[in-house]
Each structure stands twice: as structure tokens, then as C-alpha cells.
Amino acid sequence: MYDVIVVGGSFAGMSAAMQLARARQKVLVIDAGMPRNRFADEAHGFLGQDGRAPAAIIRDARAQLLRYPSAEVTSGEAIAARADGDGFAIELAGGSEHRARRLVLATGVADELPPIPGMSERWGETVLHCPYCHGYEMRDLPLGVIAAHPMSAHQAVLIPDWGPTTYFTQGEFEPEPAEIHAFAARGITIERTPVVELMGEAPVLDGVRLADGRFVEVAAVFTAPRTRPATPLAAMLGCEHEDGPTGPYVKVDQWGATSVDGVWAAGDGATPMHNATLASAAGVLAGIGAHQASVRAAS
């Protein structure tokens, strides 16, 4: 019986586990080894880690965590979770099971890209979702925004600070009058003919082909993929979810506590705002919250 099991071994999960290990909690991290950021060669905007590979950051975090004698890490995919007596049980794909008094779910989200040929093989390289994470590396190049939901116009207004921008409505997400005014002020070109293919030798992007056959030169495109929970664990446990602009996420309070007593959540799966620094900070809060709950229970 562990004090806490943390499911997820990326920025949020490792940050939660570090706080728990330093509080001398017996903590197990279950890591499937499939972080959302695995498609990116470098992390940016992360204090002290700018330009490093996400995998290298996590490798160092794991090594640092395991210096604490009460911390363990196991590799495996958590496929089921349930309440079990005075705690919870987590089942792994190989059939093993682990129990803990409390859980921190840092399982993240899975991205569902627009179904346009050429998108998936460029994801994380020249098909991007966050200008704060990747915009600087694409500075002064022709950029595009492929609209995927009603907030895409807001995303497009940001992009000209990194390069000249074309907004592709895809025939579905026409900007509102106020947004058209902002586009004009920012020098954004609006293209209403849908993008049907990304062109070039991936991951390089030469441009996009439109439905009428025209070619538009862009060196990178930003889009907002639909997101869904990467695992069903939160739903299995009965945690409430909220609807975000790109998909559902676990409802939590300021400390990461979910609607289920004894379960916390942190990272991209528990917020509509996805960013490595924010995920790490949320993990810290969830780890502290889980520890302080144990103190209250013992009082």
C-alpha cells in the first residue's frame, strides 16, 4: 500500500511526485512513456530548461526523484482504476495491480489533428499548437493558422508577432466583424478556400494546397487540435469533467483536487490551458494537496 500513486511520468506527474517524496510519502509513479510532448525535439519557455529535449528533462527528473528512498517509478500503462477499501487500485496492462491511499492523475490528453493529409507527420515540427512554445523558432517566416474551432481566430491574432500570417477559415470558422478589424490591424490575410494538403518533404513544410488547386507558401502552420483524455482513468473513478475550447478536461480545485475524495489531477488533462510550465506548477500543487490531505486525515 503506497501513500500516493502518481499516474503519468511527464512534467506534471514528476513534479507532484517530487513534492510527495520530499514529504517522505511512499509514492509510486506509473509511467507509460508516451508523453504528449514526445513529438517535439525541444522544449521552450520552460525556466532553466529552454532548448532542451523534453525526454532529457524527464530523464533528469526521474533520476532526481529516485534519489529519495520513498519514491519508486515503474514503466507500464495504467488501464483501469477503482476505489478499493480505504484507497484505490490501479491495474496495469501486464496484469499487475498497485494500491494507494490517494491518487494523482497526470495522464494528459491525446491530440486529434484536423484530417488533412500531411498534418500528422509534421506534428511538433512545422505543424504546431502553441506560439509561445514554438513561435520564436519560426520567426520572420510566412506562417499560417488552420482554423479548427471558434477560438482559432483568437490564435491567429497572436501569430503576426512571429511572422506574416494567413488565416485559413477552412470554410467553417469565419472571423467575427471585430476579429476582421483586428486582422486588418495586424496585417493578417484571410483565405476562405479550404486547405486540402500540406506540401513538401516532411517535416519541412513548403506550403499548402487549397481546394481550388492554388498553392500558398507557408513555412509552418498553427492549429488547435481537438483533445481528449489520454486514458479513461478519471472517468472510471467518477471524476467530474468540464468542457474546454478543444475538449473535456477533469474538473479540479486550486489544489488539483477532483470531485472524488482522495483523487487529484494535474497537467494538460486537468486544464484548458496547455503549457509545460503550467503543467509542472499544477503537479506541485497536486502533490502538496495530496500530502496535506493525509495530514488532515491523521489529525
Side-chain angles (χ1 to χ4, degrees), residues 4-23 25 27-40 43-49 52-66 68 71-75 77-78 81 90 100 102-111 129-130 132-133 227-234 237 239 241-242 244 246-258 260 263-293:
V4 184
I5 289 176
V6 177
V7 185
S10 191
F11 296 149
M14 284 295 180
S15 295
M18 180 67 74
Q19 305 305 312
L20 290 159
R22 289 184 55 78
Q25 299 283 283
V27 58
L28 172 67
V29 177
I30 299 173
D31 183 13
M34 296 288 284
R36 186 187 188 192
N37 56 30
R38 65 189 181 276
F39 300 102
H44 293 287
F46 199 156
L47 185 64
Q49 303 291 343
R52 293 194 69 207
I57 298 172
I58 295 305
R59 183 176 61 248
D60 288 352
R62 177 185 283 217
Q64 291 167 10
L65 175 66
L66 291 176
Y68 294 89
E72 299 177 33
V73 178
T74 188
S75 298
E77 180 187 2
I90 299 291
R102 293 170 300 283
L103 299 177
V104 175
L105 302 179
T107 49
V109 297
D111 295 295
H129 79 290
C130 174
Y132 298 102
C133 301
T227 57
R228 56 177 174 79
T231 77
L233 300 185
L237 293 164
C239 297
H241 286 68
E242 296 190 288
T246 63
Y249 61 94
V250 180
K251 181 179 180 180
V252 296
D253 71 6
Q254 62 182 342
W255 291 99
T258 73
V260 176
V263 181
W264 285 257
D268 288 357
T271 177
M273 297 180 64
H274 302 159
N275 175 279
T277 304
L278 296 178
S280 181
V284 170
L285 290 172
I288 292 172
H291 171 246
Q292 292 189 1

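Note that the coordinates shown come from a computational prediction; the quantities given were computed from them, not determined experimentally.
The minimum heavy-atom distance linking Val250 with Ala234 is given by the pair CG2-CB, 3.7 Å. Considering every non-hydrogen atom in both Pro272 and Tyr249, the closest pair reads CD-CZ, 3.6 Å. Among all heavy-atom pairs drawn from Val104 and Ala286, the shortest one is CG1-CB, 4.1 Å. When every heavy atom of Ala78 is checked against every heavy atom of Val7, the shortest pair comes out as CB-CG1, 3.8 Å. Ala81 and Ile90 get closest at one heavy-atom pair: CB-CD1, 3.5 Å. In terms of heavy-atom proximity, Trp264 sits nearest to Thr258 at C-CG2, 3.8 Å.
Contact annotation: the side chain of Tyr68 never approaches that of Val27 to less than 4.5 Å [non-hydrogen atoms, C-beta and beyond]. Contact check for Pro54 versus Pro35: no side-chain heavy atoms found under the 4.5 Å cut-off. By the 4.5 Å heavy-atom criterion applied to side chains, Leu105 and Val263 are counted as neighbours. Put simply, the side chain of Arg102 reaches to within 4.5 Å of the side chain of Gln25, judged on heavy atoms. Side-chain contact between Val6 and Leu28: absent, with no pair of heavy atoms (C-beta onward) separated by less than 4.5 Å.
Qualifying side-chain hydrogen bond (donor to acceptor under 3.5 Å, both in side chains) partners for Gln19, counting only residues two or more places apart in sequence or in other chains: none.
Counting only distance, with no hydrogens or angles, the side chain of Asn37 and the backbone of Ala40 share no donor-acceptor pair below 3.5 Å. Of the possible polar contacts, none joining the Arg228 side chain to the Ala110 backbone as a donor-acceptor pair under 3.5 Å is found. At least one donor-acceptor pair under 3.5 Å links the side chain of Arg38 to the backbone N or O of Met34.
Between atom SG of residue Cys239 and atom CG of residue Leu233 there is a gap of 9.5 Å, rounded to the nearest 0.5 Å. Note that the CG atom of Leu237 and the CG atom of Leu103 stand 6.0 Å from one another [nearest 0.5 Å]. Taken from OG1 in Thr107 to CD in Glu77, the straight-line distance is 11.0 Å, to the nearest 0.5 Å.
Residue pairs satisfying the side chain to side chain donor-acceptor pair (under 3.5 Å) criterion with at least one member in residues 54-64, sequence neighbours excluded, are listed as follows: Asp31-Arg62, Arg52-Asp60.
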Mind listing the side-chain donor-acceptor pairs of residues 273-281 below 3.5 Å, one per line with the distance, residues two or more places apart or on another chain?
| unit_1 | atom_1 | unit_2 | atom_2 | d |
| --- | --- | --- | --- | --- |
| His274 | ND1 | Arg36 | NH1 | 3.0 |
| His274 | NE2 | Asp268 | O | 3.2 |
| His274 | NE2 | Thr271 | O | 3.1 |
| Asn275 | OD1 | Thr277 | N | 2.8 |
| Asn275 | OD1 | Leu278 | N | 3.2 |
| Ser280 | OG | Ser15 | OG | 2.7 |

